[in-house]
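Inspection log for the structure reproduced underneath, given as structure tokens.
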Amino acid sequence: MKLPKTFFNKISLLGAILSITALAIFAFLFILTYFFDVGGAYIGILMYMLLPVFLIIGLIFIPIGMIRTARKIAKDVNHDPMRWRVIDFNNPRTRVASVVFIFGTLLFLVLSAVGSYQAFHITESVEFCGTVCHTVMEPEHTTYQNSPHARVTCTECHVGEGAGWYVKSKLSGAYQVYSVLAEKYPKPIPTPVKHLRPARETCEQCHWPQKFYSSQLRYEKHFLADSGNTEWDIHLNMKIGAEHSAFVNQKGIHWHNNQNVKIEYIASDEKREVLPWIRYINLETGDTIVYENEWEPLEDSVKAVAEKRKMDCMDCHNRPSHKFLVPQLFIDNAIAGGQIPKELPEIKRVTMGILFSEQFNTKDTAMMVIENRISEFYKDNYPEIFAEKYNLIEAAIAGTQDGFSKNMFPEMKANWDAYPVHIGHLEYNGCFRCHDNNHVSSEGKRISKDCNMCHSILLQGEPCKSEVGKHNESLEFKHPVDIDEAWKEANCSECHRYLYF
Ligand code: HEC
Ligand code: HEC
Ligand code: HEC
Ligand code: HEC
Ligand code: HEC
Ligand code: HEC
């Protein structure tokens, strides 16, 4: 078993050592990951992206060295170096070389097929997208895991089907890797995503507009910032579609998606929170209505050149997977779920005071401040609780820290304020960006803010003392604390977005 003489030169030997080492490490890792179930995105990147590079460089070195030596030998015996070599299978060295070459090539082809398949899967995996650039993607990855889409992969929304978008995503991904390495990425990552694939080609693969529900019940629980953390319940029937599913989306909230409806708008800010101009076209009849904000109409010159965006799923469901909850909401949830004890007096007010007043730079300082300030508050104001029921205080600290970690990310400046949610109208204007009673057509028609148009309130108030409506009738909204008629005139978000500042 002898190899051709030309093989024995520094370059080819180095190449051979390089590829055999790469292959050996690969085989070792393969056994490790396959039989012992260890690994993850990092080992995957090593196995299917870095090792192959060394393998291929090594494999290229081998023939380069051999050709150089062959030419040198030819020159030494005065042969024309450009003359073709005769492949003589009677020479045992040639036979060994051919067998090594043929089987080597076959093995290489099989390995590259497996390798590229694996590399494809790794770069498409949630782990790769969500954890490799840990700090940068932490906010989106964490909120994703707590969303209804925790089992939908990142790429199903961000890339979707088809080779075109796959290539596009890998090209922009390459730039993103560069910007992470060079620390050039913006904080927070800007939203809305400019080149997001249209909802039609992503969301509608799983949620098709013909199959929406007619209504949905929402049971909300709030706790007021008073001494007893008074519970306040609200039950709503959301009118998602027409009363009966046979009418599909001819009425109700998903009417905006009706195939005969086209709604366009001009946004006057990056985040699309202010929409001064809205056009509704009935595609069946051709009727067109333009609604403009009567207080702040756009100049004609601006209207002529501004981008007119067609409304789709994302204009309401803009955070289906990365919802950064406002502090009052994640604290309410923690009290409702029992992580933060409701019997701890004033706990809602205390947590609000901390979460809204402090500007945290890192998660670690936030964890410390939360612990110290809650603990100090009870030490100073409720010494008997501090002495006898410290476990309640401990639970409240843990619950607040947990809520913070899942919704506020100081390192990336990602939180509820950076990423507004367009559904609803309590903390952000959401539906009230259009439905605020201030958008008027030239005939005086307004986009309605009628409290019973989108939902009916079925129950409201403190448990056991709550007001309950009749079937299919809506109660008149009662604001949990007395603010007179302010909720009728102002938009809810005017107080609720920064309620505790
Ligand atoms: C259910 C669909 C869906 C899934 C699954 C999903 N995203 Fe998103 N993602 C969106 C939408 C929609 C936006 C924002 C759209 C907008 O406002 O323009 C977004 C925005 C983002 C942004 C921009 C910053 C921001 O918060 O607006 C990043 C980064 C991101 N996603 C990363 C991820 C990662 C990483 C995963 C997987 C761990 C993932 N996404 C899974 C739908 C999804
Ligand atoms: C791969 C399939 C898939 C894709 C793509 C997808 N979803 Fe979903 N969606 C789901 C599943 C599964 C659920 C959970 C259903 C459940 O909880 O019963 C869900 C739930 C939802 C809900 C209900 C949430 C709740 O709180 O109950 C909304 C709203 C939603 N998706 C909107 C979207 C939007 C907007 C997009 C596009 C950005 C999208 N989905 C893309 C599969 C998908
Ligand atoms: C005008 C705003 C708006 C638009 C546009 C919109 N939705 Fe919704 N959607 C809502 C509201 C409001 C709810 C009720 C749930 C809630 O309050 O969060 C809802 C509920 C849902 C649900 C859960 C209930 C169900 O029927 O399964 C899904 C899924 C959903 N939407 C998907 C979509 C998709 C996909 C699109 C785009 C084709 C879309 N929505 C467009 C406002 C909207
Ligand atoms: C970009 C502007 C815009 C946004 C944002 C918007 N809507 Fe609308 N909506 C309209 C227009 C325009 C109409 C039609 C008004 C008319 O009758 O001329 C409408 C009509 C409706 C109707 C009545 C449909 C019917 O005929 O039964 C409902 C219900 C509704 N919207 C709910 C919502 C909800 C809920 C949200 C927030 C999740 C929302 N809308 C956000 C523009 C908007
Ligand atoms: C254009 C549609 C629309 C109109 C008009 C509207 N709402 Fe709502 N409202 C919503 C949606 C959508 C939600 C659910 C938000 C969510 O998914 O979290 C909501 C939620 C609520 C909630 C529950 C908030 C919570 O988190 O507990 C209350 C209370 C409420 N609305 C009161 C009102 C009152 C009062 C009015 C009249 C001034 C009104 N709504 C008008 C769409 C509307
Ligand atoms: C003038 C300011 C103001 C306006 C406008 C306003 N609210 Fe409030 N709201 C408050 C205050 C203050 C509280 C008490 C906060 C607490 O005790 O936790 C509150 C509490 C609430 C709560 C109890 C849960 C919580 O977040 O603490 C709900 C629900 C609520 N408001 C709904 C609404 C709705 C819906 C609208 C619009 C239709 C609205 N509010 C408009 C000031 C306002």
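When a ligand or atom number is given, it counts from 1 through the structure's own listing order.
- Under 2.8 Å from atom 8 (Fe) of ligand 5 lies no N/O/S atom of C451, from backbone or side chain alike.
- Counting atoms of ligand 1 from 1 in the listed order, those under 4.0 Å from a heavy atom of T191 are 16 (C), 17 (O), 27 (O).
- K239 places a side-chain N or O within donor-acceptor distance of the main-chain N or O of N452, the cut-off being under 3.5 Å.
- Close contacts of ligand 1 with H141, meaning ligand atoms under 4.0 Å from a residue heavy atom, involve 38 (C).
- Listed by number with element, the atoms of ligand 1 under 4.0 Å from a non-hydrogen atom of P192 are 16 (C), 17 (O), 18 (O).
- Paired with W416 under the rule ring-ring contact (aromatic ring centres under 6.0 Å, His included), one option of F356, F409, F324, Y428 passes, and it is F356.
- For a distance bound of 2.8 Å, the N, O or S atoms of H455 include one lying that close to atom 8 (Fe) of ligand 5.
- Counting the atoms of ligand 1 from 1 in the order shown, those under 4.0 Å from a heavy atom of M137 are 29 (C), 35 (C).
- Residues N438 and W295 approach most closely at OD1-NE1, 3.2 Å, considering heavy atoms.
- With hydrogens and angles ignored, the 3.5 Å screen pairs no side-chain donor or acceptor of K168 with any backbone N or O of V159.
- Heavy atoms of I253 found under 4.0 angstrom from ligand 5: none, in either backbone or side chain.
- Atom CD of E161 has 12 or fewer heavy atoms from other residues, nucleotides or ligands within 6.0 Å.
- Contact shell of ligand 2 (protein heavy atoms, cutoff 4.0 Å): P148, H149, V152, E156, C157, T202, C203, C206, H207, M314, H317, P320.
- Of all atoms in ligand 5, listed by their number and element, those nearer than 4.0 Å to a heavy atom of L236 are 20 (C), 21 (C), 22 (C), 23 (C).
- For the residue pair T191/R319, the side-chain donor-acceptor check at 3.5 Å is satisfied.
- Ionic pairing of D417 and R497 is present here: one or more N-O contacts between side-chain nitrogen and carboxylate oxygen are shorter than 4.0 angstrom.
- Salt bridge status for R272 with E307: absent, with no side-chain N to carboxylate O gap under 4.0 Å.
- D315 has a carboxylate O that lies under 4.0 Å from a charged side-chain N of R309, or vice versa, which qualifies the two as a salt bridge.
- Polar contact with ligand 5: absent for S448 (N/O pair, distance under 3.5 Å).
- Comment: E124 engages K170 in a salt bridge, judged by a side-chain N to carboxylate O separation of less than 4.0 angstrom.
- In this structure, K363 does not pair ionically with E411, as no charged nitrogen and carboxylate oxygen lie closer than 4.0 Å.
- Atom 8 (Fe) of ligand 1 lies closest to atom NE2 when only the N/O/S atoms of H322 are considered.
- Distances from ligand 5 to the non-hydrogen atoms of M238 include at least one value under 4.0 Å.
- The contact set between ligand 1 and E140, taken as ligand atoms under 4.0 Å from a residue heavy atom, comprises 22 (C), 24 (C), 25 (C), 26 (O), 28 (C), 29 (C), 30 (C), 31 (N), 32 (C).
- For ligand 5, the atoms sitting less than 4.0 Å from at least one non-hydrogen atom of I234 are 27 (O), 29 (C), numbered in the order shown with element in parentheses.
- Residue-ligand proximity: H222 is placed with a non-hydrogen atom under 4.0 Å from ligand 5.
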